[in-house]
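So you know, we letter chains A, B, ... as the sequences are listed, proteins then strands, and number each from 1.
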Amino acid sequence: MKFLKCQIQCQMNKKIFQQFFGPIRKAHFAGPPPPISPLAAATSLIKSYFDRGLLSDARRVFDEMPERDVVTWTAMIYGYASNSHHHDAWSAFRAMAAAGFSPNEFTLSSVLTACRAMEFAAVVHAVAFRRGVEGSSYVGNALLSAYAACGGIGDALKLFDEIPQRSDAMWTTIIAAYVQWGDAHAAVNMCCRMFQEFTELNPFTLSISLRASSAAGSLTLGKQIHGIAVKTGHTSDLPVSNAIIDLYSRCNSLLESRQYFNEMPQKNLITWNTMISALDRFGSIEACHLLVDMYLQSFKPNCFTFTSVISTCANLSILSLGLQVHAALLQRGFGTNQQMANALVNMYAKCGNIADSQKIFDEMSDRDLLSWTSLINGYGVNGFAKVAIELFEEMIRSGIKPDSVAFLALISACSHAGLIEEGVNLFSLMEIKHGVRPDIEVYGCIIDLLGRRRRLREAYELIEMMPIEADESTWGALLGACHIHGEVELGRLAAEKIMKMKPNGGKTYVILSNIYAARSELTDSAEMRKMMRDAGRIKEAGISSIELREEIYNFVAGDRSNPCVVLASEVLEMLIYHIEEMGEMDGSDWMHENMENVNDDYF
DNA sequence: AAAGAGACGC
């Protein structure tokens with residue numbers, strides 16, 4: 001100690017001191033700390049209880065205190081609010097006023113975090129206005145957050161525009177609100193205004209700008225902000241770096257995202273979760289590998305992690321892994337989380353295990369639109385279209401409003417089960433009865449449905465009548481139907497539309513060529529293939545995979561080297577034979593649908 | 001002794 005004092009007296013450079021001895025502690029300079037009053041000690045005890053989530057202990061200390069002041073009351077209000085006990089926070093605020101204390105800036109900003117309805121926020125706003133603190137840094141920002149959360153972006157923006165001195169936190173709040181309410185374009189505009197006002201960016205403003213860029217899909221802006229973060233040294237801030245991973249993955253640069261992740265010297269749980277969910281969105285099995293890697297590096301997965309990995313198991317239909325992950329998450333007590341349960345319903349359904357899917361659904365305490373849609377889709381893809389429709393009606397009765405995804409699941413179920421009239425009926429009622437405007441995917445699905453039953457003219461007329469512009473997948477649905485039914489003229493028209501929109505798509509050429517080949521218009525077919533060769537188009541091989549007894553089998557079009565494929569073809573032929581025998585369906589139609597890859601076999 | 005803004009799931 002003597003040595004240190006001597007050094008300081010010698011006016012040692014502060015920075016050098018910190019380099020050797022760490023941050024300078026107050027005690028080195030200020031001598032013994034002043035005695036703490038019992039009131040202050042109790043207040044700080046209250047805070048520490050709240051920090052650890054021990055609400056009743058905090059309350060007990062508060063109740064036993066012989067005297068309290070504004071600071072004590074504020075600690076109670078903030079403690080409840082930060083533990084999501086909004087009602088208790090508000091009660092404490094009122095009790096404080098009844099006890100004759102008037103709130104200060106600390107109190108007001110604390111109680112604002114507990115406002116979950118406009119009326120409450122407006123009351124606090126009025127109090128803040130009377131005291132002239134509504135534009136102060138903390139209170140102003142808390143007001144903005146409350147308005148954005150309770151009212152909407154309009155109310156928040158009105159307030160924001162009236163504040164003469166805007167702090168960086170206020171900019172962060174308003175941009176976050178835009179992103180949250182889904183207006184990425186406005187969020188990006190706000191970022192540009194902020195850059196003009198604040199030349200120095202901090203980790204908060206950087207991470208929200210990255211989030212706005214990725215929401216708007218602007219890789220250019222995102223890269224610029226990434227550059228600023230590198231230059232200012234803020235990439236060592238984990239939220240900033242995590243936002244960078246998210247940016248690249250959401251702008252379709254999974255490779256860059258992965259590279260950045262690999263090179264990060266420090267990671268936290270959210271870093272892993274961000275990367276895993278990115279891999280899941282890209283349908284990569286790497287998501288599962290990364291779960292193992294994080295275990296090896298002693299990170300504990302949470303419900304976010306498990307939800308992403310379960311989703312990967314669902315999308316890749318890997319039941320054995322799904323079961324293992326399910327067991328692991330039950331062991332950790334994550335089974336009751338709603339998003340997780342939704343993901344499990346989806347996983348079992350997509351893996352063909354509809355009974356377990358239903359079981360998870362039945363055990364859920366609350367079911368939202370996603371839970372119902374997952375189960376409905378599950379029954380649909382497993383061939384139980386009638387059950388799917390019944391479930392849909394049950395969902396409506398339980399008071400949940402459907403969206404276009406729910407209709408997509410239903411109509412697609414009808415399409416695959418051959419329930420044409422039911423499908424058309426649902427489609428025609430979706431806007432009139434349920435107020436859901438069909439999106440481009442629903443149109444694609446209904447066109448597919450009509451096309452499968454050779455109602456090609458109707459499908460074509462629907463495309464012409466659509467209020468939104470048809471894209472290549474809409475025309476692709478028609479083209480596919482023309483393929484099944486050997487409709488050359490309409491098929492040619494659809495193919496031309498697609499080639500105009502997406503000249504590099506090899507698949508279109510293949511299908512059109514197949515249509516010609518099937519109609520013995522071999523000259524046209526040969527010409528198509530020549531066109532493709534000339535244009536240098538290469539169709540990526542489509543791979544189907546199936547998991548059986550803990551092994552994954554891949555099927556590539558036209559591959560006869562794999563004995564499994566030969567066996568599978570034989571089984572398929574047997575199935576078709578039985579179906580034809582039962583006379584439930586025109587077997588040749590069915591074969592065309594399911595042997596699509598096999599027809600591509602000259603690639 | 002008490003207060004604000006950012007990153008991960010559909």
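The stretch residues 242-250 of chain A comes close to DNA chain B through A:N242, A:D246, A:R250, each having a heavy atom under 4.0 Å from the strand. Near DNA chain B, defined here as any heavy-atom distance below 4.0 Å, the residues from residues 71-96 of chain A are A:V71, A:T74, A:Y78, listed numerically. Non-hydrogen atoms lying under 4.0 Å from DNA chain B are contributed by A:L370, all within residues 356-376 of chain A. Within residues 128-164 of chain A, the residues that have a heavy atom under 4.0 Å from DNA chain B are, in order of number, A:S137, A:Y138, A:N141. Annotation: proximity of residues 183-206 of chain A to DNA chain B (heavy atom, distance under 4.0 Å) is found for A:N202, A:P203, A:F204, numbered in ascending order.
As judged by a 4.0 angstrom heavy-atom cut-off over every strand, A:N302 is placed among residues making no nucleic acid contact. Base engagement by A:V240 is indicated by at least one non-hydrogen atom pair under 4.0 Å involving a base atom. Using a 4.0 Å heavy-atom criterion, one finds that A:N346 contacts no nucleic acid atom at all.
With 3.5 Å as the limit, one finds a donor-acceptor pair spanning the side chains of A:H125 and A:Y147. In this structure, a donor-acceptor pair under 3.5 Å is present between the side chains of A:S241 and A:Y260. No side-chain donor from either of A:T307 and A:Q339 sits under 3.5 Å from a side-chain acceptor of the other. Counting only N and O atoms by type, the side chains of A:T107 and A:T74 include a donor and acceptor under 3.5 Å apart. Inspection of the A:N315 and A:T312 side chains reveals no N or O donor paired with an N or O acceptor under 3.5 Å.
Protein chain A contacts DNA chain B from B:dA1 to B:dC10, reading 5' to 3' and using non-hydrogen atoms of the protein with a distance under 4.0 Å.
In this view, A:Y49 satisfies the ring-ring contact (aromatic ring centres under 6.0 Å, His included) rule with no residue, not counting sequence neighbours. Partners of A:F392 by ring-ring contact (aromatic ring centres under 6.0 Å, His included), not counting sequence neighbours, listed by chain and number: A:F407, A:H434. Residues meeting the ring-ring contact (aromatic ring centres under 6.0 Å, His included) test with A:F361, sequence neighbours left out: A:W372. Partners of A:D439 under the salt bridge (Lys or Arg N to Asp or Glu O under 4.0 Å) rule, at least two apart in sequence or in another chain, do not exist in this structure. Scanning for salt bridge (Lys or Arg N to Asp or Glu O under 4.0 Å) contacts around A:D51 gives A:K47, with sequence neighbours left out. Applying the salt bridge (Lys or Arg N to Asp or Glu O under 4.0 Å) test to A:E441 and every residue at least two apart in sequence or in another chain returns nothing.
Once rounded to the nearest 0.5 Å, the distance linking CD1 of A:I208 with OG1 of A:T172 reads 7.0 Å.
The side-chain contact (heavy atoms from CB on, under 4.5 Å) with A:M264 is formed by just one residue from the set A:I245, A:I244, A:T235; it is A:I245.
Checking side-chain atoms of A:S236 against main-chain N and O of A:G233 turns up a donor-acceptor pair under 3.5 Å.
Note that A:K267 lies in the cation-pi zone of A:F261, set by a 6.0 Å cut-off to the ring centre and a 45° limit from the axis.
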Checklist entry - Under the side chain to side chain donor-acceptor pair (under 3.5 Å) criterion, do A:Q358 and A:D362 qualify, and how do the steps go? => result CA-CA 6 Å; A:Q358 177 81 58; A:D362 291 339; 3.0 Å; yes
